[in-house]
Amino acid sequence: MPSKDDISLIAHLMRRAGFGQRRDEIERLASDGYENTVERLLDPESQPDVDMYMMGRYHPWTDHPSSIDHHQSRWIYRMVMGKRPLEEKIVLFWHHVFATGNAKVENIDEMATEIDLFRDHGMGNFQTLLERLAKNPAMIRWLDNNENHKRANNENWGRELLELFSLGVGYYTEDDVKQAARAFTGWTYTPRKVVMPWKKYPWSFDYQPYDHDSGEKSFLGHEGRFNGDDVVEVVARQPATARFISRHLYNFFVADEPQVPAWPFEPPQDRTAIDTLSEAFVRGGYEMKPVLRTLFNSDFFKNALYKRVKSPAEVVASALILTGDMNGPDPRWGDLPSVQSLMGQIIYDPPSVEGWHTGKEWINSGAMMNRVNFVADRVSDTDLPGVKAIIQKISEMNGSSMNPEQLVQHCLDQMGPMEISDETRQELLKQVEIDGIASWSTEKEYKASSKRVADLLALIAGTREYQFA
Amino acid sequence: MSMITTSVAGRTWHFSHALGRNTAEHNGQTGGYGYPVDVAIAPDGFLFVLSKGWGKEVEGYHTDIYRRIGKTTISENHVGDFARREFTSPAGIAVSRDGNVYATDEHENEVLVFSPDRIQPFAQFDPSGETINRWGKTGSALGYLDAPSGIKFDSKDNLIISDSGNDRIQKFTKNGEYIDSWGGHGTSKGEFNRPWGIGTDRDNNVYVADWGNNRIQKFTEDGEYLMSFGASVDDGSNLDHPAAVAVDSDGDVYVSDWGNRRIQIYEPGGDVITALYGDVIKLSKAGEYLLGRNGGLYRGLFDTMDDAMTRVKKFDRPGGLIIDANNRLIVTDICGRLQVYIKDNDWIDPIPQ
């Protein structure tokens with residue numbers, strides 16, 4: 001039987017490297033060991049892919065999507081039903097970093113192709129990922145590279161590549177931006193702005209040699225007749241890129257950092273951690289798996305329990321996984337995109353190229369209410385398999401009855417295990433003490449105590465602490 | 001006009017036309033279908049098309065307006081729609097001898113019964129309900145249902161239902177009284193993995209699209225196993241998650257090869273003859289209507305119409321499939337349309353000039 005600390009650590013790993021996990025599965029993984037679990041997460045192909053045929057049969061609008069929410073439902077289904085949690089989490093990570101929005105792209109199928117790129121290459125080589133991203137039609141349209149011509153440069157893509165996708169502010173000059181833009185002239189997509197019955201034309205990358213500036217360029221200290229691939233190669237190997245991506249990884253997987261625009265002015269909260277990740281990134285040849293392995297096995301990760309505010313995607317997916325709600329075909333998959341957007345995250349449509357502001361900025365009064373209600377509605381439903389399992393487990397502890405302190409502790413343990421402040425504990429206790437001892441001996445007692453557990457789980461979902469992952 | 005034909009082994013299929021257009025309708029008369037999953041034909045020749053819709057409530061209408069049944073003729077004279085707000089997840093449709101329309105709801109585990117003549121104006125529904133009957137109980141005991149999908153009347157006007165979640169076939173009277181069942185979860189003969197569509201032939205045999213097992217299984221009308229095909233070898237005859245099956249008057253078997261996006265056609269003995277992949281190269285009446293009404297939105301289409309149509313002509317996830325009395329094949333296509341083919345046993349390929 002794994003110790004409480006082992007279980008706590010695996011639960012932490014699964015919240016960060018995935019979207020949470022049911023308690024019985026966490027205990028199984030804890031028995032298997034932490035490092036083994038990390039290795040399995042890093043090897044997604046060892047697990048079966050999501051059965052999208054089931055999704056397609058019962059929800060054909062996700063199989064032949066015609067709007068952004070159809071694609072969103074499809075993606076959320078993957079987050080919840082997938083057996084490759086880290087692969088899916090990395091997709092979300094890159095969507096945060098290489099934030100592209102359908103509001104401008106206006107071709108949701110192409111947006112989905114970009115997301116598929118993150119699924120296929122998100123755990124692979126960073127330079128390869130960046131090369132493919134530079135040729136991705138959704139990205140080209142998002143950052144106007146289709147308007148970047150030999151005789152009339154548009155610097156949007158060149159600038160964001162350096163500012164937000166690799167080096168970060170302070171590590172390049174305005175001239176580097178201009179030179180990068182020149183190198184990407186003639187990189188566009190085809191066909192342009194044409195609709196078909198039912199949907200837009202599919203786009204593909206299009207290189208127009210006559211529109212490409214093949215002249216000599218001077219870029220970040222390198223000289224040559226650079227094209228876009230050359231620029232990506234130079235960019236990917238800059239030490240600043242390693243640090244920038246490492247800080248993103250830290251912010252997404254370890255602990256909330258300030259928002260990206262503050263990074264030039266505010267140093268990382270844990271410089272050593274960023275150094276460790278950067279070194280792993282360079283040493284591993286810009287491959288993502290070694291740096292992720294280093295991250296998940298590090299002490300700074302293991303000591304960072306509940307140091308991140310959950311994103312809405314995490315709130316929704318983790319509640320469904322924990323409770324076993326919607327564990328298969330269900331018309332409510334169509335409702336989830338609007339649920340998530342009311343919490344402040346519209347996947348496929350981040351607010352700007354900067355991506356979502358994370359951490360405390362996820363929380364406002366409207367978002368908070370939606371977060372709490374979504375989770376509380378589920379954990380208080382004693383018919384859901386995950387809730388039933390929690391109740392069953394708690395009923396088997398402390399013999400046939402337990403005092404309010406024990407009941408609160410068991411519920412916190414099953415929901416995380418969670419650590420809470422004394423103040424929160426006292427509030428929970430105040431509620432639980434109204435009904436005194438919880439007994440499980442008779443059918444009637446079991447039913448009454450089940451209801452108390454469900455109510456308590458809903459209260460826990462409303463605590464400040466539950467908002468953290 | 002040149003004909004699009006598929007001619008193999010002494011049989012020929014001509015592509016005839018498409019019906020429907022996946023778009024908002026206008027006064028209930030444009031014949032739009034939102035993710036159609038099944039179609040049935042009434043004794044008087046009218047078609048009933050079951051649309052699965054968008055899977056969410058549409059603000060302002062209090063319901064998913066695409067989740068409904070459309071009534072039309074095969075030449076696309078659209079009569080209108082009904083059953084809006086009746087389904088949660090409609091799956092299969094059939095018409096009884098007396099002309100009433102029966103449809104399964106795979107989420108509510110019910111069979112809903114409608115009169116064929118009750119049409120509702122666009123976006124309206126009767127809050128008192130439109131069904132003339134509805135029955136079905138959730139569960140796994142005999143006579144209970146879990147995700148019922150395919151539905152078909154047998155020669156005695158009883159219902160054969162694919163009880164998908166229970167991996168079995170069940171028979172009921174029209175009023176929902178349990179008669180018989182067969183199957184169970186598995187891959188052996190007579191077992192199923194999420195069965196979907198059901199077909200019958202003139203000898204009253206029952207064909208089941210055994211979706212998860214990638215095969216068609218054939219039974220007597222009493223459920224005695226006869227044969228299966230589709231899942232054998234990878235020689236082009238194999239199926240990927242078949243959704244529906246129908247048999248023409250010559251005994252040829254048509255299968256909606258859902259995963260492979262084609263219609264596979266088999267000899268009565270199970271040997272593959274050929275496949276149809278979809279041939280819509282011009283818009284249906286409803287599509288033309290839309291284009292005329294909203295040219296601005298589709299302005300770009302006019303210049304590139306031929307290329308655009310070529311790109312969308314093929315089936316995407318063909319679903320329900322029926323054969324009418326004239327050996328016309330009618331297939332629902334998830335692109336909001338139906339495609340119609342005509343079998344022509346007398347066709348002779350023209351000699352090239």
Side-chain angles (χ1 to χ4, degrees), chain A residues 48-77 106-110 190-204 316 325-342 383, chain B residues 21-23 34-37 51-59 64 66-67 87-89 91 105-108 147 149 164-165 194 196 211-212 240-241 243 258-259 280 283-284 287 290-291 297-301 303-305 307-313 316-317 319 332-337:
Chain A
D49 200 0
V50 188
D51 182 358
M52 293 308 285
Y53 272 9
M54 280 292 278
M55 185 61 166
R57 170 170 172 180
Y58 291 95
H59 319 90
W61 37 275
T62 64
D63 205 42
H64 186 88
S66 61
S67 72
I68 182 170
D69 49 339
H70 298 172
H71 277 283
Q72 290 164 331
S73 295
R74 193 177 160 86
W75 189 1
I76 298 169
Y77 184 83
E106 290 184 305
N107 190 333
I108 184 62
D109 290 346
E110 292 300 329
T190 188
R192 307 277 291 276
K193 295 180 184 172
V194 181
V195 290
M196 301 194 301
W198 301 292
K199 49 172 45 181
K200 299 278 178 70
Y201 258 81
W203 291 339
S204 54
V316 169
D325 191 15
M326 297 174 62
N327 189 26
D330 195 310
R332 290 175 298 159
W333 288 108
D335 301 331
L336 291 182
S338 58
V339 169
Q340 219 175 62
S341 72
L342 286 170
D383 288 333
Chain B
R21 178 77 176 82
N22 186 5
T23 181
Y35 297 102
V37 287
S51 287
K52 197 149 190 138
W54 285 20
K56 66 167 192 172
E57 301 301 296
V58 177
E59 202 176 333
D64 177 346
Y66 293 100
R67 209 184 291 157
F87 297 106
T88 304
S89 188
D105 186 320
E106 64 195 355
H107 188 75
E108 304 297 339
S149 53
S164 296
R194 291 250 163 204
W196 192 345
W211 188 70
D240 182 9
H241 292 75
W258 185 86
V280 183
L283 290 173
S284 65
L290 174 90
L291 199 64
L297 180 62
Y298 292 94
R299 194 176 296 125
L301 204 59
D303 297 335
T304 56
M305 179 65 98
D307 182 43
M309 289 309 298
T310 302
R311 284 168 182 266
V312 297
K313 71 177 184 177
D316 192 3
R317 302 296 189 218
T332 66
D333 178 345
I334 219 66
C335 304
R337 63 189 176 190

### Task
Find out whether B:Phe87 and A:Pro331 are in side-chain contact, i.e. whether some heavy atom of one side chain is under 4.5 Å from a heavy atom of the other.
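No - every pair of side-chain heavy atoms lies 4.5 Å or more apart.
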[atom1] of [X] to [atom2] of [Y]: how many Å apart, nearest 0.5 Å?
X: B:His107; Y: A:Arg332; atom1: NE2; atom2: CZ; value: 6.5 Å
X: B:Tyr35; Y: A:His70; atom1: OH; atom2: NE2; value: 5.0 Å
X: B:Ile334; Y: A:His64; atom1: CD1; atom2: NE2; value: 8.0 Å

### Query
For B:Ser51, is it the side chain, the backbone, both, or neither that has a heavy atom closer than 4.5 Å to a heavy atom of chain A?
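Contact with chain A involves no heavy atom of B:Ser51 at all.
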### Partner residues of B:Glu106 under the salt bridge (charged side-chain N to carboxylate O under 4.0 Å, His left out) criterion, sequence neighbours left out
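By the salt bridge (charged side-chain N to carboxylate O under 4.0 Å, His left out) rule, B:Glu106 matches B:Lys52.
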### A:Tyr53/B:Trp258 aromatic ring centres below 6.0 Å
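They qualify: ring centres under 6.0 Å apart.
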#### Entry: Heavy-atom closest contact (B:Ser89 atom, A:Tyr58 atom, distance)
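Residues B:Ser89 and A:Tyr58, closest heavy atoms: OG-O, 4.2 Å.
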### Task
Of all the heavy-atom pairs spanning A:Arg57 and B:Arg194, show the shortest one and how long it is.
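Smallest interatomic distance, heavy atoms only, reads NH1-O, 2.8 Å.
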